[in-house]
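Reviewing the structure listed below.
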Amino acid sequence: MKVFIAGGSGRVATDLIKDLVNDGHQIVAGARHPEKIIDLENVTAVKLDLHASVEEIAQVIGRVSAVYFVAGSRGNDLLQTDAFGAVKVMQAAKKNQISRFIMLSSLFTLQPEKWDQPGLENLTDYNIAKFFADNYLINQTNLDYTILQASLLTEEPATGKISFNASEESTNPIPDVALTLAGILNHANTIHKVLLMKSGNMPINTALGNVY
């Protein structure tokens, strides 16, 4: 399968690209600085500016079978990257007749009443941006979406085990988030689902297979 990744130079994207290549997929990875995208066989790095028009973004994406949005500005460009940048990538996917759309989001972005939990109180502006992006994907598109709402990302090694019943802020090693994102592509039962993820005791593939 040919897959496009928006935000292809980031920490999650780098591991995601490796995982998808290992699964036999061809990757087109887009980033503002494509030279920072990992250099691997079956990976094409392209320049993606989320400030560009929908038409320009659609041209960059091209003809693929699925789109991942894992871009993030780390608080530096919340409106044009994390919020409206995501929306424009969705609109570009529709324009290119791509139905499968997998979004990396953050825990509880659709539940503002939980944003004052310990660990989330300093992320309000980011959560607002993702609130609008996630809501647009669910309510304003007909895309076959999956939204992975991950807990706090850490630089720890992969455990290969997760849970989708997060009820409070927790943590996720970045490699586990990437493996979960890659696995979502193989699980049609995750379409039209929002997955609240934290580290857990269930193997990733089993957890994805149990989504209903």
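This structure is a prediction, so every number in the text was calculated from the model and none was measured.
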Pairing donors with acceptors under 3.5 angstrom, does anything connect the side chains of [X] and [Y]?
{"X": "D176", "Y": "N172", "result": "no"}
{"X": "N127", "Y": "T109", "result": "no"}
{"X": "T146", "Y": "T190", "result": "yes"}

Non-hydrogen atoms of [X] and [Y] that approach each other most closely:
{"X": "L148", "Y": "I184", "result": "CB-CD1, 4.3 Å"}
{"X": "A129", "Y": "D82", "result": "CB-CB, 4.0 Å"}
{"X": "V64", "Y": "K2", "result": "CB-O, 3.4 Å"}
{"X": "A92", "Y": "I57", "result": "CB-CG2, 3.8 Å"}
{"X": "K130", "Y": "S105", "result": "CE-OG, 3.6 Å"}
{"X": "V60", "Y": "F4", "result": "O-CE1, 4.0 Å"}

Check: [Y] main-chain N/O paired with [X] side-chain donor or acceptor under 3.5 Å:
{"X": "Q59", "Y": "E56", "result": "no"}
{"X": "S106", "Y": "Q149", "result": "no"}
{"X": "W115", "Y": "N122", "result": "no"}
{"X": "D77", "Y": "S73", "result": "no"}
{"X": "N96", "Y": "I98", "result": "no"}
{"X": "K88", "Y": "A52", "result": "yes"}

Counting only heavy atoms not in [X] (residues, nucleotides, ligands), do more than 12 fall under 6.0 Å from its [atom1]?
{"X": "K161", "atom1": "NZ", "result": "no"}
{"X": "R63", "atom1": "CZ", "result": "yes"}
{"X": "N139", "atom1": "CG", "result": "yes"}

Hey, what do you get for [atom1] ([X]) to [atom2] ([Y]), rounding to the nearest 0.5 Å?
{"X": "D23", "Y": "I27", "atom1": "CG", "atom2": "CD1", "result": "9.0 Å"}
{"X": "L137", "Y": "M90", "atom1": "CG", "atom2": "CE", "result": "4.5 Å"}
{"X": "T141", "Y": "F101", "atom1": "OG1", "atom2": "CZ", "result": "8.0 Å"}
{"X": "N210", "Y": "N189", "atom1": "CG", "atom2": "CG", "result": "8.5 Å"}
{"X": "L123", "Y": "Q117", "atom1": "CG", "atom2": "CD", "result": "11.5 Å"}
{"X": "L196", "Y": "E168", "atom1": "CG", "atom2": "CD", "result": "12.5 Å"}

Under-4.0 Å salt bridge between D144 and R100: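 Looking at R100 together with D144, the answer is no, because their closest N to O distance does not fall below 4.0 Å.
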Apply the side chain to side chain contact (heavy atoms under 4.5 Å, CB included) test between F164 and each candidate in K198, M202, M197; give the one that qualifies.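 Output: one option passes, namely M197.
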In the single-linkage hydrophobic clustering (I, L, V, M, F, W, Y; side-chain heavy atoms under 4.5 Å), do [X] and [Y] co-cluster?
{"X": "L48", "Y": "I102", "answer": "no"}
{"X": "V177", "Y": "L195", "answer": "yes"}
{"X": "I147", "Y": "V211", "answer": "no"}
{"X": "L143", "Y": "V70", "answer": "no"}
{"X": "I162", "Y": "I174", "answer": "yes"}

Please identify each residue that fulfils side-chain contact (heavy atoms from CB on, under 4.5 Å) with L152, with sequence neighbours left out.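 Partners of L152 by the side-chain contact (heavy atoms from CB on, under 4.5 Å) criterion, ordered by chain and then number, come out as E169, T171.
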Report all side-chain donor-acceptor pairs from residues 5-20 shorter than 3.5 Å, counting only partners two or more places apart or in another chain.
{"unit_1": "R11", "atom_1": "NH1", "unit_2": "E155", "atom_2": "OE2", "d": "3.0"}
{"unit_1": "T14", "atom_1": "OG1", "unit_2": "G10", "atom_2": "O", "d": "2.8"}
{"unit_1": "D19", "atom_1": "OD2", "unit_2": "L179", "atom_2": "N", "d": "3.4"}

Full working for side chain to side chain contact (heavy atoms under 4.5 Å, CB included) between E55 and K95: CA-CA 8 Å; E55 290 73 19; K95 185 177 181 66; 4.0 Å; yes
Residue pair [X] / [Y], side-chain heavy-atom distance below 4.5 Å:
{"X": "P173", "Y": "S199", "value": "yes"}
{"X": "Q91", "Y": "K94", "value": "no"}
{"X": "R32", "Y": "K47", "value": "yes"}
{"X": "V89", "Y": "V54", "value": "no"}
{"X": "Y136", "Y": "F131", "value": "no"}

Kindly indicate, with the supporting measurements, whether the criterion side chain to side chain contact (heavy atoms under 4.5 Å, CB included) is fulfilled by D39 and V43. CA-CA 7 Å; D39 184 13; V43 177; over 6 Å; no
Start with the C-alpha gap between F84 and L79, add the side-chain angles, then the distance that decides, and say whether side chain to side chain contact (heavy atoms under 4.5 Å, CB included) holds. CA-CA 6 Å; F84 197 46; L79 291 179; 6.0 Å; no
Given side chain to side chain contact (heavy atoms under 4.5 Å, CB included), test L104 with F69 step by step and report yes or no. CA-CA 6 Å; L104 176 62; F69 188 91; over 6 Å; no
Test ring-ring contact (aromatic ring centres under 6.0 Å, His included) applied to H192 - qualifying residues, sequence neighbours left out: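 By the ring-ring contact (aromatic ring centres under 6.0 Å, His included) rule, H192 matches Y145.
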